[in-house]
Amino acid sequence: MKESYFPQEIEKKWQAVWEENKAFHTPDNSDKPKYYALSMFPYPSGKLHMGHVRNYTITDVIARFKKMQGYNVLHPIGWDSFGLPAENAAMQHGADPAKWTDENIAYMTKQLKMLGLSYDWEREVTTCKPDYYKWTQWLFIQLFKKGLAYKKEAGVNWCDNCGTVLANEQVIDGKCWRCDSVVEKKYLSQWFFKITDYAERLLEDLDKLEGWGDNVKTMQANWIGKSKGAIFRFKVKEVDGLEVPVYTTRPDTVHGITYLVVAPEYKDIEKLTTPENKQAVEEYRANARKMSEIERLSTERVKTGVPLGTHCINPFTGEEFPLWTADYALVEYGTGAVMAVPTHDTRDFDFAKKYNLPLKVVIQNPENPSDCKDGAYTEEGILVNSNEFNGMKNTEAKEAITQKAVDGGFGEFKTQYRLRDWLISRQRYWGAPIPVVYCDKCGIVPEKEENLPVMLPTDVDFSVVGKSPITTSKTFEETTCPICGGKAKREMDTMDTFVCSSWYYLRYSDPKNSTRPFSKELVDKWLPVDQYVGGIEHAILHLLYSRFFTKALKDLGLLSFDEPFKNLLTQGMVLKDGSKMSKSKGNTVDPDEIFENYGADTARLFILSDSPPARDFDWSDAGVEGCYKFLNRVWRLVSDNQKYLTKDYKLSFPLARENDDLVRTVHIAIKGITNDIANDFQFNTVISKYRELTNAIYDWRGKKSDLSEEDRNVLSFAIISLVKLMAPVTVHMSEEIWHDLGGEGSVHNEKWCEWDENLAKASKITLVVQVNGKVKDKIEADEGVNDEELKNIALSSEKIKELTAGKEIVKTIVVPKKLVNIVIK
RNA sequence: GCCCUUGUGGCGGAAUCGGUAGACGCGUUGGACUUAAAAUCCAAUCGGGGUUCUCCCUCGGUGCCAGUUCAAGUCUGGCCAAGGGCACCA
């Protein structure tokens, strides 16, 4: 064994050996129980960043730990490789997106291997390859056949910079999630997935996900946005037979309606406008259309609107009230029309105040009645001015009033969701083509399954502006109808890349299958994913879409489970100097440099060391240095003592020498480390325990000049245990030391260390003696003493005698093996 | 505005059940080794006060204010701050 630690040399060597031996290949057949550990697969942007390093290290340590614990571990990797950056690179540098992507994958693959990650590379999946997107298209067709994929004309989010539409989930604060440009509204015919059909199940099943954090679950629940209320239909006085339905969560306030608002895009708005008001309404609508999403959504904005000139009749009171249009009513939500009760809704109040609309109080706090002239009363209360419902609590009136509407035939109970259907069309080239054709005779027809994949054309011009490059292909659009064989045109849109990433974790179970996306047998064997690890930024987008896919595919009979990810760990960001690493801030750290200067083991150790995985992690150069020093310290510990170490690395557990403190320390460390990993993967404390154990071995060794036969066994036991405990983290160094000590095979195939409960505690205890809850003395005692003896030990302490002299002892509390508290007066 | 998360030394953070607050590390300071440096090793390191001064005593301290308890970083109620999510969703 070399005297000094040369990580680069060791790491290269073992990476080659593992690759040669296919050390991390996962067989489908095994007697061992399965464990599926998964990191969110990367977009091949060019180079790994520290966020990747953190993500993949966490999952890798979990995978290796589970393997040592006796599981057959599936730990795959792949590439989310469709998407705009490849296309942008093509536009800017004239590169081929496929080539650009391949080069990036090649480079990043090299980096992943340098990090020493235990992937089964035979299961690698790349979403932009025809053997993968064939099945993305196939799944699209299955959803289409089930009525879950459909095309409709809709107001969509348009990003002019990206030249494509965006899903609602991809609009952040009215801006594009990718490029930050302001999103506009456009009216286009687009493909959607009917995720709204699954709204209730997506919400309900969140309860099943015990292994997910509350933050992610709440974000999803808020996004689905379930609310319970009622639909009321109001007859229009001026137009015979026309009704305006509204959705409300406050049916209890129905007697307080003083006007009604429809969205500028409301379907019947023209019928509801009188000739005198037509011009003003038209102008208002034109203006609303022009406005960007961001302007329209601003809460600071003063509400505006114009009257339509017509009126509705409130069936509860017979009162008439005017109709208005205002853009605070949203056409996409509810019925696109809102009943306005300014006395009990702050938005309605603001609007009524501005346009001088009347107020009518219908809910009152009996202790503190308000006329609502200065603001809406939105708390609970008792109904007034509400005919037969007067005196009823408003919470009870909700149901009673809705029931009256149901009985009267002018309303019903209604549950509403905020979630909208998932818009998947993209007017871009670098994505999976949507496999449908348009035939004049047969209409919208899915491509025949035997004709899949619908290949991306390669004869395209990337320099075009304002339209998808795919439209410049001379060979792509013209095709024949799969039904009638006549001339037909292909769909020119491609799919949102989130479609590709909504099922990749299923493909890993059967990545080479050429007849199906995956076999049912294998997908049911490996899935659900036991531990998923990735960034919080996917809390809604990717995770919601994947859950939807899993449920839809279960309904199609393709698999037997309905939640894809049993446990989810959302790792925190990697910061430098308190802010997120980014190129624009110039505070990035290049993983390559760290590998080169310190080696991958140091990088892995450090990225796990300072913070628990779920929290943000502050990168510091001094911290890296500290971890490197620690590894050197471990190395020296072994090399300095190598001549004393036994080759019998299978030393029996527990080691006979119970009275040796070091033996106990090792057992304590094994127990602590195993529990810390089991408890939410607290790798930061795991690493502090590596250090404690190392320090303890040094201390023990420092006290001995000569080592007896038994001492040598104890030392060997301690060092071999340390090396094995560190193996999931410092993968190369542990392997090297393992072999230097005469170990066979791979340390990564060794069984995880076990501990003896009797030895995993100190032989002596420190008895803490408190007086009135304050610590006054600490006394060493034998581990086995009982409560009565502990009490006597405490009371016989000189210090305690002094403190209690002349005082009455009210009571004495004994916590076994720990503490005695004496209460005096 | 609503929802979620988090508040502990100079810093990252530790503390299964309510039971020694500050593990482990970074940083800092002092020392050893060395011609010197690096590396390494040893020691100190929450704050105030006291002291017979490498020993030791005492008081305070986990965002703030209350409460429960023999005992609260941990439990309960009420606030405050930071980060994140949603947001004219009727």
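Only a predicted model underlies this, so the values are computations on that prediction, with no experimental measurement involved.
The list of side-chain hydrogen bond (donor to acceptor under 3.5 Å, both in side chains) pairs with a residue in residues 628-638 of chain A, not counting sequence neighbours, reads A:Arg633-A:Asn695. Judged as a salt bridge (Lys or Arg N to Asp or Glu O under 4.0 Å), the pairs with a partner in residues 684-695 of chain A (not counting sequence neighbours) are, in order, A:Asp676-A:Lys689. Legend: side-chain hydrogen bond (donor to acceptor under 3.5 Å, both in side chains) pairs involving residues 809-822 of chain A, not counting sequence neighbours, sorted by first then second residue: A:Glu783-A:Lys817.
Atoms CG (A:Asn215) and C1' (B:G85) sit 9 Å apart, rounded to a whole Å. Summarising the geometry, the separation between NZ on A:Lys414 and P on B:A90 is reported as 13 Å, rounded to the nearest angstrom. Straight-line distance from the CZ atom of A:Arg615 to the C1' atom of B:A14: 10 Å, rounded to whole Å. Regarding A:Ile824, its CD1 atom lies at a distance of 12 Å from the C1' atom of B:C70, rounded to whole Å. Distance CD1 (A:Ile224) to P (B:C3): 18 Å, rounded to an integer number of Å. Residue A:Glu332 contributes atom CD, which lies 12 Å from atom P of B:A87 at whole-angstrom precision. Atom C1' of nucleotide B:G12 and atom CE of A:Met573 are separated by 16 Å, given to the nearest angstrom.
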Hey, what are the protein-to-nucleotides 29-32 of chain B N/O distances that come in under 3.5 Å?
none

Got a list of protein N/O to nucleotides 19-22 of chain B N/O distances below 3.5 Å?
| residue | atom | partner | partner atom | Å |
| --- | --- | --- | --- | --- |
| B:G19 | N2 | A:Gln770 | OE1 | 3.2 |
| B:G19 | N2 | A:Asn821 | ND2 | 3.4 |
| B:U20 | O2 | A:Lys778 | NZ | 2.7 |

Sort me out a list of protein N/O and nucleotides 75-81 of chain B N/O pairs below 3.5 Å, or just none if empty.
none

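One finds a side-chain N or O of A:Asn684 lying less than 4.0 angstrom from the OP1 or OP2 phosphate oxygen of B:A14. At least one side-chain nitrogen or oxygen of A:Tyr333 sits closer than 4.0 Å to the OP1 or OP2 atom of B:A90.
Scanning for ring-ring contact (aromatic ring centres under 6.0 Å, His included) contacts around A:Phe234 gives A:Phe321, with sequence neighbours left out. Taking the salt bridge (charged side-chain N to carboxylate O under 4.0 Å, His left out) definition, one finds that A:Asp787 meets it with nothing, sequence neighbours left out. In terms of the ring-ring contact (aromatic ring centres under 6.0 Å, His included) criterion, A:His344 has no residue partners (sequence neighbours excluded). Every residue two or more places apart in sequence or in another chain that forms a side chain to side chain contact (heavy atoms under 4.5 Å, CB included) with A:Pro245 is listed here: A:Ile231, A:Arg233, A:Tyr266, A:Thr335.
In this structure, CG in A:Asp207 is found 7.0 Å from NZ in A:Lys217, a value given to the nearest 0.5 Å.
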Requested in this report: List the protein contact pattern of nucleotides 39-59 of chain B with one symbol per nucleotide (5' to 3'): B for base contact, S for sugar-phosphate-only contact, - for none; contact means a heavy-atom distance under 4.0 Å.
Outcome: -SS---------------S-S

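Using a 4.5 Å cut-off on side-chain heavy atoms (C-beta onward), A:Arg250 and A:Val341 make no contact.
Looking only at distances, a side-chain donor or acceptor of A:Arg604 sits under 3.5 Å from a matching main-chain atom of A:Val729.
Centroid-to-centroid, the aromatic rings of A:Tyr355 and A:Trp324 come within less than 6.0 Å. A:Phe606 has its ring centre no less than 6.0 Å from the ring centre of A:Phe630.
Closest to the A:Arg418 side chain, of the nucleotides B:C24, B:C26, B:A87, is B:A87.
For RNA chain B, if you chain together Watson-Crick or G-U pairs that step i with j, i+1 with j-1 and so on, the runs of at least three with distances under 3.5 Å are B:1-7 with B:80-86, B:10-12 with B:24-26, B:27-32 with B:40-45, B:46-50 with B:56-60, B:63-67 with B:75-79.
Under 3.5 Å, the side chains of A:Tyr5 and A:Ser639 contain no donor-acceptor pair of N or O atoms.
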